[in-house]
Asks: 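Got a structure for you, written out below as structure tokens; questions coming shortly.
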Amino acid sequence: MSGIRLKVKNLHKSFGSVKALAGVDLTVEPGEVTAVVGDNGAGKSTFVKIISGILVPDEGRIIIDDRVYTHLTPALAIQEGIATVYQDLALVNCGDVATNVFLGRELTRGIFLDRKRMYSRARKVLEEMGINLPAVDMLVGLLSGGQRQAVAMARAVNMGGRLFVLDEPTAALGYKETCLVLDLIRRLRDQGYSVIIISHNLHQVFSIADSICVFRHGRVVSCTSVKHTDPETVVKLITGTETA
């Protein structure tokens, strides 16, 4: 399954007198990783919540492939293939891997959970994504941080995700765990999915992303290929000491 092409045009969002977004334009292509970077308060979280359907913009358009929306709902975002994985991952630690992969979309046989089908399907999803876990009946609470991130991303794929919004996916992970997650993002991209990664780690951004969009004061001040910029320039754009 291929990713989706997402375009946002002239997005505005205010909270009282605070203007969180002030005319954001951004395009995400299928089969690409787009990094969104910026200082705290730059508008990244508001942008993510709007394309995830949590917030309604005051103005602007959201274009998914050729479908135009003034706003999304969480259900519509999921229906359109936008799957957001937040930092807390929203996993059930006392549930096993398969239960978490199917969280909210459990398979049943009559009034009972069809665990056999859930285990089989979970194994297939993990295999297709190249994720190697001890077992699908292992409790998520016993997994490492990187493995838990992988389960959250497998759930996003299983729910029909075609564009993945990953909020600081490697935060608080060690080197080995970070490599596991970054490799998984690369595999998603290589399979044609679209990925947006929100990150403060520019070293990781330049190792994984195809393009990088810099937010400052609610605006996109630069959006370019990582091949045409460098970390020093991006830092200057984030802090406002250089213009695009």
Side-chain angles (χ1 to χ4, degrees), residues 3 32-40 42 44-45 47-49 51-52 54 74 78 82-106 118-119 121-191 193-210 212 226 231:
E32 289 191 0
V33 176
T34 300
V36 172
V37 302
D39 211 345
N40 292 334
K44 307 185 303 296
S45 294
F47 166 72
V48 167
K49 289 176 181 177
I51 64 174
S52 302
I54 295 172
I78 292 171
I82 298 174
T84 303
V85 180
Y86 293 100
Q87 287 187 53
D88 64 5
L89 302 181
L91 298 176
V92 178
N93 288 332
C94 61
D96 60 27
V97 170
T99 297
N100 277 275
V101 168
F102 279 91
L103 201 62
R105 295 194 170 199
E106 292 81 2
M118 288 169 60
Y119 287 166
R121 173 60 184 165
R123 289 190 192 96
K124 183 177 180 181
V125 171
L126 295 169
E127 181 181 340
E128 289 174 349
M129 294 177 68
I131 298 173
N132 183 25
L133 295 179
V136 294
D137 60 353
M138 184 173 183
L139 294 182
V140 162
L142 300 177
L143 299 177
S144 68
Q147 290 171 327
R148 286 165 54 81
Q149 182 71 242
V151 172
M153 292 166 71
R155 182 183 63 201
V157 168
N158 190 53
M159 66 194 294
R162 296 189 292 138
L163 185 154
F164 302 96
V165 185
L166 309 177
D167 184 15
E168 299 285 358
T170 61
L173 296 183
Y175 176 76
K176 184 177 180 181
E177 299 293 302
T178 293
C179 290
L180 183 155
V181 172
L182 295 180
D183 285 345
L184 178 53
I185 294 171
R186 291 188 185 97
R187 285 196 293 273
L188 288 172
R189 175 189 61 195
D190 293 345
Q191 291 173 13
Y193 291 105
S194 313
V195 181
I196 296 174
I197 179 172
I198 314 298
S199 179
H200 285 91
N201 190 316
L202 292 185
H203 175 73
Q204 291 177 14
V205 163
F206 275 85
S207 73
I208 194 70
D210 299 290
I212 180 168
V226 295

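The chain is numbered in sequence order, starting from 1.
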Asks: If a pair satisfies salt bridge (Lys or Arg N to Asp or Glu O under 4.0 Å) and one of its residues is in residues 196-210, list it, with sequence neighbours excluded.
Replies: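 Listed once each, the pairs are R189-D210.
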Asks: Evaluate the side-chain proximity of T178 to N201: yes if any heavy-atom separation is below 4.5 Å, no if none is.
Replies: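 Answer no - side chains too far apart.
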Asks: If I take atom CG from residue L184 and atom CG from residue L180, how far apart are they, to the nearest 0.5 angstrom?
Replies: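 The distance works out to 7.0 Å.
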Asks: Which pairs would a plain distance check flag for residues 147-158, meaning a side-chain donor or acceptor within less than 3.5 Å of a matching protein atom at least two apart in sequence or in another chain?
Replies:
from	atom 1	to	atom 2	distance (Å)
Q147	OE1	S144	N	2.9
Q147	OE1	S144	OG	3.2
R148	NH1	N93	OD1	2.5
Q149	NE2	P169	O	2.9
R155	NH1	A90	O	2.9
R155	NH2	L89	O	2.9
N158	OD1	R121	NE	3.4
N158	ND2	V101	O	3.4

Asks: Between L188 and M129, which heavy-atom pair has the shortest distance, and what is it?
Replies: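 Heavy atoms only, the tightest pair is CD2-CE, 4.1 Å.
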Asks: When you compare the side chain of K44 with that of D167, does any pair of heavy atoms fall below 4.5 Å?
Replies: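 SC-SC contact between D167 and K44 ruled out.
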Asks: Is a side-chain N or O of D96 found less than 3.5 angstrom from the main chain of T99, in a donor-acceptor match?
Replies: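 Answer holds: yes.
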Asks: CG/L126 to CZ/R123 distance, rounded to the nearest 0.5 angstrom?
Replies: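 Answer for the CG-CZ pair, L126 versus R123, is 9.5 Å.
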Asks: Can you tell me which residue pairs pass the ring pair (Phe, Tyr, Trp, His ring centres under 6.0 Å) test with a partner in residues 158-181, sequence neighbours excluded?
Replies: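 Pairs touching residues 158-181 that pass the test: F164-Y193.
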Asks: Ring pair (Phe, Tyr, Trp, His ring centres under 6.0 Å) with F47: which residues, sequence neighbours excluded?
Replies: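 For F47, the residues satisfying ring pair (Phe, Tyr, Trp, His ring centres under 6.0 Å) (neighbours in sequence not counted) are F215.
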Asks: Which atom pair, heavy atoms only, marks the closest approach of A98 to Y119?
Replies: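 Heavy-atom minimum between the residues: CB-CD2, 3.1 Å.
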Asks: Starting from the C-alpha separation in whole Å, work towards a yes-or-no answer on side chain to side chain contact (heavy atoms under 4.5 Å, CB included) for I208 and V195.
Replies: CA-CA 10 Å; I208 194 70; V195 181; over 6 Å; no
Asks: Test of understanding: with side chain to side chain donor-acceptor pair (under 3.5 Å), list the residues that count as partners of R186, not counting sequence neighbours.
Replies: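 Only D183 meet the side chain to side chain donor-acceptor pair (under 3.5 Å) criterion with R186.
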Asks: State, yes or no, whether a side-chain contact exists between L166 and V181 at a heavy-atom distance under 4.5 Å.
Replies: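 No, side chains not in contact.
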Asks: Of all heavy-atom pairs between V205 and A35, which one has the smallest distance, and what is that distance?
Replies: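 Taking V205 first and A35 second, the nearest heavy atoms are CG1-CB, 3.5 Å.
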Asks: Search all heavy atoms of A209 against all heavy atoms of V226 and return the closest pair with its distance.
Replies: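 Shortest heavy-atom separation between A209 and V226 comes out as O-CG2, 3.3 Å.
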Asks: Please round to the nearest 0.5 Å and tell me the distance separating atom NE2 of H200 and atom CG of N40.
Replies: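 These two atoms lie 4.5 Å from each other.
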Asks: To the closest 0.5 Å, what do you measure between CD (E168) and OG (S199)?
Replies: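 Separation between the atoms: 5.0 Å.
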Asks: For L142, enumerate each residue passing the side-chain contact (heavy atoms from CB on, under 4.5 Å) test, keeping only those at least two apart in sequence or located in another chain.
Replies: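 Result, side-chain contact (heavy atoms from CB on, under 4.5 Å) vs L142: M138, L139.
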Asks: Which pairs pass side-chain hydrogen bond (donor to acceptor under 3.5 Å, both in side chains) with one or both residues in residues 82-91, sequence neighbours excluded?
Replies: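 Applying side-chain hydrogen bond (donor to acceptor under 3.5 Å, both in side chains) to every pair that reaches into residues 82-91, excluding sequence neighbours, yields S52-T84.
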Asks: Does the E106 side chain pair with the main chain of G104, one donor and one acceptor, at a distance under 3.5 Å?
Replies: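 Looks like yes, one N/O pair under 3.5 Å.
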Asks: So, applying side chain to side chain contact (heavy atoms under 4.5 Å, CB included) with V165, which one of V85, I197, I82, V36 is it?
Replies: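 Looking at V85, I197, I82, V36, the match for V165 under the side chain to side chain contact (heavy atoms under 4.5 Å, CB included) is I82.
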Asks: For V92, does its backbone N or O pair with a side-chain atom of N100 as donor and acceptor, under 3.5 Å?
Replies: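 Yes, the answer is positive, given that a donor and an acceptor are paired below the 3.5 Å cut-off.
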Asks: Please name all residues satisfying side chain to side chain donor-acceptor pair (under 3.5 Å) with T34, sequence neighbours left out, ordered by chain then number.
Replies: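 S211.
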Asks: Just jot down the side chain to side chain donor-acceptor pair (under 3.5 Å) partners of T170, sequence neighbours excluded, or say none.
Replies: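 Residues passing side chain to side chain donor-acceptor pair (under 3.5 Å) with T170: Q204.
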Asks: More than 12 foreign heavy atoms under 6.0 Å from CG of N132: is that the case here?
Replies: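 No, because the 6.0 Å sphere around CG of N132 holds 12 heavy atoms or fewer from other groups.
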